[in-house]
Amino acid sequence: MGDTMNIFFNSRIYANQSLLNVLFGQQQKATISRSNGCIGTRDTLTISASGKEKLTKSTSGRTHNTSIDSSIDLKSYIASAKKTNQEIIENAGTQINAKTSEYMSTGKAFREALTEKYSKLAAEAKTHSNPENYIHSKYFDKSSEYYETNLTDTERRIAYNYEMQMCRTGKINGVNYQDSLFRGIEVDGDSVDSDKIQFERALINSQISNILKQAGVDTSSITKDCTFTVDPYSYEITVDGVDEETKVLMQDALNVGDNGKNLYKHIYYCSTQDGCESSQITKESKMKYEAYHQVYSYTGYELDKLEEKNGTYYTESGENILDLVDKAVEDSGKVPKEFKQQMKNWIHDLVSTMSTKGWNNVPDMTLSILYGKSGLKDMNQLITYQYEADSTNRQWYSVL
């Protein structure tokens with residue numbers, strides 16, 4: 001949707017999930033999980049000794065797969081992921097952007113472990129005259145000398161699929177934690193690891209610190225938390241709680257490029273996690289934000305600068321902004337043809353509602369966040385994602 005961040009969708013858009021999937025991507029299932037004083041969405045993995053005992057089968061026969069499992073050091077994959085993430089933070093640069101580098105999640109780390117496992121198994125399969133027959137027999141032909149006895153039915157199906165994939169394509173698809181490699185590891189849902197929020201917060205903290213140092217700002221002089229406030233339309237960052245000279249230096253340094261926009265996105269994301277209940281965001285303010293940015297992205301006009309009347313807005317030349325939106329959506333290659341009318345209807349609803357309520361009668365979705373010695377700290381919400389650089393309790397990964 002151009003450069004806008006689509007935050008709010010009304011009931012008309014929600015009625016057609018296929019449109020959302022095409023325009024904005026699949027939405028992940030949200031699950032609540034607490035970690036070091038934070039709440040968010042994450043993959044939760046724990047090692048269960050009783051689970052290992054339950055899953056391990058004490059049958060005689062070939063146990064090659066589980067022998068390969070025992071040769072793979074999962075802890076080394078976790079350590080490598082942690083190192084990768086820390087190096088990204090240490091080389092954060094001087095632009096605010098939580099997405100500058102891809103976060104190395106537990107899932108990605110364990111996919112590499114699975115790749116190691118099935119690369120070994122596929123290489124062995126290819127030593128046979130008919131690799132695919134060999135793979136089938138080792139998992140499903142009990143009379144075969146290669147039959148794997150030490151697998152549950154679920155593990156057997158998973159291993160067969162993975163080994164076939166690796167043999168045919170040289171890679172595996174996804175991460176299935178029911179593979180025998182992860183015996184005893186319990187996975188809670190398919191949602192984003194909440195450590196990712198901590199990672200992004202640490203990354204942005206490092207970026208802001210670099211920006212301010214480069215601008216000659218003495219951050220040690222900030223003895224009390226100051227406040228960064230981001231305008232929802234211009235994305236301009238305003239700093240409060242410091243002396244005037246420092247304020248000007250900080251604002252000039254921060255208001256470069258997309259810094260304000262990316263900081264706004266980060267605050268919004270951290271304010272809308274399960275349990276946060278941020279008082280900075282309301283249904284009406286989200287609607288106002290979306291109406292402004294949808295119209296601006298398609299027409300270049302700012303709603304607050306237009307004449308408000310008759311349930312819509314008019315340009316200085318008397319053109320109805322909705323007519324301009326309709327034409328822009330029709331001409332846009334970003335919206336599939338079958339969804340163009342629905343997109344136009346959605347923007348019509350946003351604009352009509354805003355005009356009826358009155359622009360000045362609806363609160364702006366202005367977002368603020370504290371900044372101090374420990375970096376950014378969320379405000380006006382129940383859950384905060386303050387990053388303590390010297391905390392001994394915070395761990396990127398704690399699954400092993």
Side-chain angles (χ1 to χ4, degrees), residues 4-11 13-14 24 27-28 30-42 96 98 191-192 194 196-198 200-202 204-205 208 222 224-242 247 250-251 254-255 259-294 303-304 349-350 353-354 356-388:
T4 61
M5 174 178 58
N6 292 283
I7 290 178
F8 173 72
F9 311 108
N10 66 2
S11 58
I13 291 296
Y14 271 123
F24 311 112
Q27 301 298 310
Q28 292 181 305
T31 57
I32 297 176
S33 176
R34 296 182 181 271
S35 174
N36 300 318
C38 298
I39 186 169
T41 53
R42 66 171 296 164
I96 297 176
S191 53
V192 178
S194 68
K196 182 179 181 180
I197 298 177
Q198 290 283 359
E200 292 185 350
R201 175 60 55 85
I204 291 180
N205 283 343
I208 292 174
I222 305 175
K224 295 182 180 179
D225 289 342
C226 60
T227 305
F228 292 167
T229 300
V230 189
D231 184 272
Y233 312 117
S234 67
Y235 296 123
E236 182 178 359
I237 302 170
T238 301
V239 181
D240 293 299
V242 294
K247 173 187 174 81
M250 293 177 73
Q251 288 182 171
L254 292 170
N255 285 304
N259 285 347
K261 179 180 179 181
N262 291 331
L263 179 59
Y264 190 92
K265 288 183 178 182
H266 178 70
I267 299 171
Y268 177 84
Y269 181 67
C270 295
S271 298
T272 53
Q273 297 301 302
D274 290 340
C276 284
E277 299 183 24
S278 172
S279 62
Q280 298 192 91
I281 299 170
T282 66
K283 182 178 180 180
E284 282 194 332
S285 67
K286 285 189 289 186
M287 175 191 64
K288 186 176 184 178
Y289 173 93
E290 255 331 320
Y292 176 93
H293 283 286
Q294 289 297 336
L303 271 185
D304 59 330
D349 283 351
L350 290 172
T353 302
M354 275 306 309
T356 301
K357 288 179 176 289
W359 182 267
N360 294 327
N361 296 327
V362 177
D364 297 317
M365 197 166 72
T366 303
L367 299 182
S368 298
I369 194 166
L370 298 173
Y371 181 77
K373 289 184 176 181
S374 297
L376 296 174
K377 181 168 63 177
D378 303 284
M379 58 191 296
N380 301 323
Q381 61 190 59
L382 297 182
I383 306 300
T384 65
Y385 292 94
Q386 183 178 11
Y387 173 79
E388 298 287 355

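- Looking at H266, its side chain never comes within 3.5 Å of a backbone N or O of K261 through a donor-acceptor pair.
- Checked by atom type and distance alone, the side chain of E236 never pairs as donor or acceptor with a backbone atom of D231 at under 3.5 Å.
- For the pair Q280 and M379, the tightest heavy-atom approach, listed with the atom from each and the gap, is NE2-O, 3.6 Å.
- N380 contributes no side-chain N or O that, together with a main-chain N or O of S278, makes up a donor-acceptor pair within less than 3.5 Å.
- Judged purely by atom type and a 3.5 angstrom limit, N259 uses its side chain to pair as donor or acceptor with the backbone of L254.
- A distance-only check finds a donor-acceptor pair linking the side chain of Q381 to the backbone of C270 [under 3.5 Å].
- Judged purely by atom type and a 3.5 angstrom limit, D240 has no side-chain atom pairing as donor or acceptor with the backbone of F228.
- A donor-acceptor contact shorter than 3.5 Å links the side chain of K288 to the backbone of W359.
- In this structure, the side chain of T272 engages the main chain of Y268 through a donor-acceptor pair within 3.5 Å.
- With no hydrogens or angles considered, a side-chain donor-acceptor pair links D364 and Y233 at under 3.5 Å.
- Side-chain polar atoms of T356 and T353 form no donor-acceptor pair below 3.5 angstrom.
- Here the side chain of K247 pairs no donor or acceptor atom with the backbone of V242 at under 3.5 angstrom.
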